[in-house]
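Here's the structure we're looking at; comments come further down.
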Amino acid sequence: MGVGEGAAKGSDSFRIVKRPSMNSGVTGVTMALVLDHADFEQLQIHRRAGCTAVVAIHSTALGPAHGGIRRSGYPDLAAAIADALRLGEAMTMKCALAEVAAGGGKAVILDHPDLDRRQAYRLVGEAVAQLGGRFFTGPDVGTTADDLREVAAVTPHVAIGDGEDDLAGATAEGVLASLRALAVRLGLADLRGLRIAVQGTGAVGGRLCALLAAAGARLLVADRDEALAARVARACGAEVVPADAIVTAACDLLAPCALGGVLDGAAVAALRCRGVCGAANNVLADEAAGLLLHRRGIPMVPDFVASAGALIVGATRNLTGRPPAPGRVAAIGETAGAILDRSRAEDRPPRQVALALAQERLAAGR
Ligand code: NAD
């Protein structure tokens with residue numbers, strides 16, 4: 001495949017293709033940046049009328065790539081490319097671990113004050129359309145259902161996320177199953193009576209609280225939006241904790257369901273829980289925090305394992321037109337349990353074990 005091949009109509013696009021056995025073809029200043037990155041299948045940069053978007057396909061070894069559209073004020077194109085590649089690769093791992101016949105990809109839009117948002121999403125839509133089913137996209141940070149309707153105007157390969165499937169509910173169900181697996185590995189028979197701290201009571205956290213309350217857990221909840229936390233607490237019989245105190249609250253299990261990066265070295269050192277499992281993406285600030293957590297003997301279900309419920313529902317819908325079979329999302333608990341067992345047996349952080357397992361599945365799938 002050559003440079004600029006398959007560019008979205010009327011746009012100024014480059015396509016960079018890199019496979020181990022293939023020479024890369026590229027024009028412009030991006031080549032060095034791209035070639036510095038880990039292996040990936042395809043990277044496209046689309047530009048039109050002040051809009052720049054990057055579409056990265058990390059792997060289609062197990063099936064069509066899946067990944068949402070992130071819109072963010074990146075400092076430059078290099079940062080946007082790096083983010084697209086990182087997030088696309090993470091989606092590949094997530095699909096492999098969720099045993100979904102799909103791969104990883106990501107689209108990112110470089111946001112700026114003069115961005116014509118509608119045009120930007122149309123541009124991504126055209127790029128997705130041209131990929132002809134090789135890449136399915138959907139929501140991510142900075143992208144609303146209205147934005148996705150612009151994408152849907154030009155391609156069917158997009159999930160708007162406001163349809164009949166409760167994606168956040170599926171995510172909460174997968175986290176619940178993972179929390180159960182974690183509790184068992186800690187020698188706790190049941191969630192009943194356990195003190196569980198939930199950070200973030202939004203779409204996923206709020207639903208998770210309802211499920212945990214029904215399972216008989218004693219809940220501590222916090223949200224930056226205090227009114228929301230109070231509402232969820234009333235509905236679930238939970239205790240509200242200040243937002244800056246929830247991570248280090250004394251509890252059996254901590255369920256981060258807000259933003260990423262909350263567990264840095266200092267936070268890990270101050271934890272007073274026995275295990276960690278939540279939906280928030282990239283909870284660990286860095287590898288060192290994961291290592292410290294492991295050395296402290298606090299098992300953590302990797303977030304990209306626990307939070308796969310929405311992916312399972314969305315990808316199954318995309319690939320088959322139907323919802324997943326009953327029990328499919330709850331089976332996340334079995335994967336979580338297997339990773340925790342292997343982590344203990346090999347004395348390695350669960351995140352490293354999960355990534356190794358994903359690579360094994362990718363190799364087998366290929
Ligand atoms: P959301 O925006 O509905 O909820 C997040 C909540 O966290 C908000 O209410 C916000 O006020 C709160 N919050 C933010 N920072 C906080 C802090 N420091 N302390 C306490 N509360 C804080 O988002 P969501 O859809 O519930 O997703 C939650 C997390 O799970 C995100 O990291 C998301 O990327 C991840 N995730 C979500 C899904 C899904 O299906 N929605 C799937 C996979 C992963």
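In each ligand, atom 1 is the first atom listed, and ligand 1 is the first ligand listed.
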> Take atom CZ in Arg344; do more than 12 heavy atoms of anything else shown fall under 6.0 Å from it?
Replying inline: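 Open: at most 12 neighbouring heavy atoms sit under 6.0 Å from CZ of Arg344.
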>> Is it the case that atom CD in Glu334 sees more than 12 heavy atoms from other parts of the structure closer than 6.0 Å?
In response: no
Between [X] and [Y], does any side-chain N to carboxylate O distance fall below 4.0 Å?
X      : Y      : answer
Glu99  : Arg361 : yes
Glu360 : Arg342 : yes
Asp166 : Arg207 : yes

> Please, which pairs that meet salt bridge (Lys or Arg N to Asp or Glu O under 4.0 Å) have at least one residue in residues 292-301, sequence neighbours excluded?
Replying inline: none
Contact table, ligand 1 N/O with protein N/O, distance under 3.5 Å:
residue: ligand 1; atom: 3 (O); partner: Ala203; partner atom: N; Å: 2.9
residue: ligand 1; atom: 9 (O); partner: Asp223; partner atom: OD1; Å: 3.2
residue: ligand 1; atom: 9 (O); partner: Asp223; partner atom: OD2; Å: 2.7
residue: ligand 1; atom: 11 (O); partner: Asp223; partner atom: OD1; Å: 2.5
residue: ligand 1; atom: 21 (N); partner: Arg224; partner atom: N; Å: 3.1
residue: ligand 1; atom: 26 (O); partner: Ala203; partner atom: N; Å: 3.2
residue: ligand 1; atom: 26 (O); partner: Val204; partner atom: N; Å: 2.8
residue: ligand 1; atom: 30 (O); partner: Ala279; partner atom: O; Å: 3.4
residue: ligand 1; atom: 32 (O); partner: Ala258; partner atom: O; Å: 2.8
residue: ligand 1; atom: 32 (O); partner: Asn281; partner atom: N; Å: 3.3
residue: ligand 1; atom: 34 (O); partner: Asn281; partner atom: ND2; Å: 2.8
residue: ligand 1; atom: 40 (O); partner: Thr171; partner atom: OG1; Å: 2.7

